[in-house]
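Encoded as structure tokens, the structure appears first; notes follow it.
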2 protein chains.
Amino acid sequence: MLVNPKKRTYELVIEQIQTLCLENNIPPGGRLPSERDLASLFGVSRNSVREALKGLESKGFLEIRQGGGSFLAETKRDILGNELGSRIDAAEIQYIDDMLELRRAFEVEAASLAAQRATPENLLAIREVLGQMALAATDPELGVQADVDFHLHVANATQNQLLIDLMETLAKRLEENIRATRRHRFTEAERHQETYHEHEEIYLAIESGNRERASQLMNEHISRIRSELHRSMGLPPK
Amino acid sequence: MLVNPKKRTYELVIEQIQTLCLENNIPPGGRLPSERDLASLFGVSRNSVREALKGLESKGFLEIRQGGGSFLAETKRDILGNELGSRIDAAEIQYIDDMLELRRAFEVEAASLAAQRATPENLLAIREVLGQMALAATDPELGVQADVDFHLHVANATQNQLLIDLMETLAKRLEENIRATRRHRFTEAERHQETYHEHEEIYLAIESGNRERASQLMNEHISRIRSELHRSMGLPPK
DNA sequence: CCCTGGAAATTGGTCCTACCAATTAAACCA
DNA sequence: TGGTTTAATTGGTAGGACCAATTTCCAGGG
């Protein structure tokens with residue numbers, strides 16, 4: 001079994017709480033079991049449960065009231081990381097589109113900031129990912145991972161801890177989004193080369209410290225993904 | 001424990017840790033006393049110390065290594081140059097600054113999308129908030145709430161559920177951020193009028209469906225807050 | 001003298017139990 | 001029936017114990 005021995009208990013508890021919320025279909029504003037119940041349920045100490053709840057609270061996923069209990073945030077149930085979003089039906093297109101808008105919002109700014117502040121280590125990390133991306137022409141899943149890593153490393157290069165944290169929080173959704181859009185992009189083979197080139201251009205802009213070009217290229221990158229998605233779905237471009 | 005019953009213990013511990021870092025002049029990357037020492041030093045349980053350290057870690061102020069200890073974060077960028085600012089104060093400013101960058105990222109895009117899609121209901125809600133903002137000249141806290149609500153309603157007007165959820169998730173941090181920046185902005189009275197005018201202009205751009213002007217005004221709004229923050233802190237504008 | 005390997009001390013991670021404080025639900029009386 | 005009091009529930013804090021990772025230090029060998 002492939003386990004990460006470095007994972008802390010409270011991190012495992014966070015995942016179990018997320019699963020619990022989904023399986024029991026706890027609505028926004030709904031109350032979670034008490035800390036003592038969660039502890040005995042998961043077979044961990046109340047300490048670890050409290051650390052997990054504290055972490056979830058700090059991310060705005062739930063609210064803890066002394067004497068009252070822990071309550072899911074009003075609109076946040078969906079963002080608690082559900083895995084079942086891999087299926088793509090017509091209803092999910094809107095979701096993919098929303099995610100692309102969200103990505104445009106902070107990835108464009110991230111590219112700009114990265115061009116300002118990327119360290120040699122940041123640039124090296126991005127270059128390595130580009131290498132993996134080039135090698136991933138035959139392996140779609142490898143390409144998705146490299147794509148995700150590229151955008152995560154760009155976020156890292158901003159040196160903005162909040163933005164980095166947010167990006168990691170959204171990493172699963174980002175991966176999901178990239179996988180979904182790639183399914184539509186890569187019907188033809190040469191799309192691979194184009195996509196690689198887009199990422200390479202963004203990297204070069206960041207490396208040269210040209211923040212305006214970096215943000216513009218990222219903006220066009222997102223726009224291109226979006227228009228291709230719409231075209232392949234027979235939707236009007238927005 | 002005999003203390004202020006309003007604040008949680010771990011919050012008090014956070015302040016005491018900050019004070020400790022100042023008095024002992026702990027450098028970036030420097031190590032803090034062990035959890036046990038801090039607990040006995042402050043007269044609290046190790047639990048509370050751990051909660052405090054955990055909170056500081058989540059904000060990026062320090063790093064916790066099992067078996068190693070707790071280490072102050074390395075300053076990622078040159079905020080130094082001002083000897084009056086303490087290390088922790090610098091970290092707080094960094095946090096405020098990071099939040100402003102994050103806000104620029106998706107509030108600018110949100111303003112643009114809002115200009116495209118705002119419904120009459122959305123516009124009405126924003127107008128009402130503007131009214132509250134105008135009345136809040138004498139009540140700082142009321143002004144903060146109205147300011148927060150303004151930006152939340154702009155996000156609502158995007159019709160992008162992911163963006164709306166994200167904004168609500170970040171609402172607490174947004175409120176903290178606005179409160180912190182207003183502390184520096186509103187040393188003079190006429191700042192109130194200017195701030196109101198900025199928000200009003202953004203609203204008018206959204207109402208008229210001018211997405212470019214809306215995003216540009218929002219961008220300038222954030223830039224102005226940021227430059228004023230830096231000026232009041234004696235930092236170089238970026 | 002260095003350095004290398006491993007034992008011992010240090011330190012964060014987790015668990016347990018107990019009690020305090022705030023909230024909620026139930027019981028009670030008018 | 002309605003409001004108040006009481007009890008049960010739940011989160012907050014304390015303190016002790018042990019585990020796991022890291023660091024420190026020292027003896028032994030080069």
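Order of the sequence lines sets the chain letters (A, B, ...), proteins ahead of strands, with each chain counted from 1. All of these numbers come straight from a predicted model, not from anything done at the bench.
- DNA chain D is contacted by R46(A), R50(A) of residues 40-50 of chain A, taking any non-hydrogen atom closer than 4.0 Å.
- With rounding to whole Å, D37(B) atom CG is found 13 Å from dG12(C) atom C1'.
- Applying the salt bridge (charged side-chain N to carboxylate O under 4.0 Å, His left out) test to pairs two or more places apart or on separate chains, those with a residue in residues 124-137 of chain B are R127(B)-E207(B).
- Remark on the helix from dC1(C)-dG30(D) to dA30(C)-dT1(D): inter-end axis angle 10°, axes from five-pair C1' superpositions, rounded to 10°.
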List, one per line, each side-chain donor-acceptor pair under 3.5 Å for residues 28-37 of chain B, sequence neighbours excluded.
residue	atom	partner	partner atom	Å
R31(B)	NH1	G68(B)	O	3.3
S34(B)	OG	D37(B)	N	3.2
S34(B)	OG	D37(B)	OD2	3.3
E35(B)	OE1	R46(B)	NE	2.9
E35(B)	OE1	R46(B)	NH2	3.1
E35(B)	OE1	R50(B)	NH1	3.4
E35(B)	OE2	R50(B)	NH1	3.2

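- In this structure, D98(B) and L102(B) have side chains that are not in contact, with every pair of non-hydrogen atoms separated by 4.5 Å or more.
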Check step by step if side-chain contact (heavy atoms from CB on, under 4.5 Å) holds for E109(A) and N160(A). CA-CA 11 Å; E109(A) 183 72 8; N160(A) 182 325; over 6 Å; no
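- Atom pair I64(A):CD1 and dT9(D):C1' shows a separation of 16 Å (rounding to whole Å applied).
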Can you list the steps and then say if H230(B) with D97(B) is a side-chain contact (heavy atoms from CB on, under 4.5 Å)? CA-CA 9 Å; H230(B) 285 192; D97(B) 220 30; 2.9 Å; yes
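- One interatomic measurement links the two molecules: CG of L12(B) to C1' of dA14(D), which rounds to 15 Å at whole-angstrom precision.
- Using a 4.5 Å cut-off on side-chain heavy atoms (C-beta onward), K54(B) and Y10(B) make no contact.
- Using a 4.5 Å heavy-atom cutoff, the side chains of I96(B) and T181(B) are in contact.
- Residue Q66(A) contributes atom CD, which lies 20 Å from atom P of dA8(D) at whole-angstrom precision.
- Between Q159(B) and T119(B), some side-chain heavy-atom pair lies under the 4.5 Å cut-off.
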Please list, for nucleotides 4-10 of chain C, all pairs of protein and nucleotide N/O atoms separated by less than 3.5 Å.
none

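- One interatomic measurement links the two molecules: CD of E63(A) to C1' of dG12(D), which rounds to 16 Å at whole-angstrom precision.
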Salt bridge (charged side-chain N to carboxylate O under 4.0 Å, His left out) between R117(A) and E101(B), intermediate numbers included: CA-CA 13 Å; R117(A) 304 175 188 153; E101(B) 285 181 0; 2.3 Å; yes
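- The separation between R36(B) atom CZ and dA14(D) atom P is 16 Å, rounded to whole Å.
- Atom C1' of nucleotide dA14(D) and atom CD of E51(B) are separated by 12 Å, given to the nearest angstrom.
- Applying the ring-ring contact (aromatic ring centres under 6.0 Å, His included) test to pairs two or more places apart or on separate chains, those with a residue in residues 120-152 of chain B are F150(B)-H199(B), H151(B)-H199(B), H151(B)-H221(B).
- An OP1 or OP2 oxygen of dG13(C) is reached within less than 4.0 angstrom by no side-chain nitrogen or oxygen of T9(A).
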Derivation of the side-chain contact (heavy atoms from CB on, under 4.5 Å) call for C21(B) and I17(B): CA-CA 6 Å; C21(B) 291; I17(B) 290 177; 4.2 Å; yes
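- Between P33(B) and R65(A), the residue anchored nearer the 5' end of DNA chain C, judged by the nucleotide with its closest heavy atom, is P33(B).
- One atom, OH of Y10(A), and another, C1' of dC15(C), lie 18 Å apart when rounded to the nearest Å.
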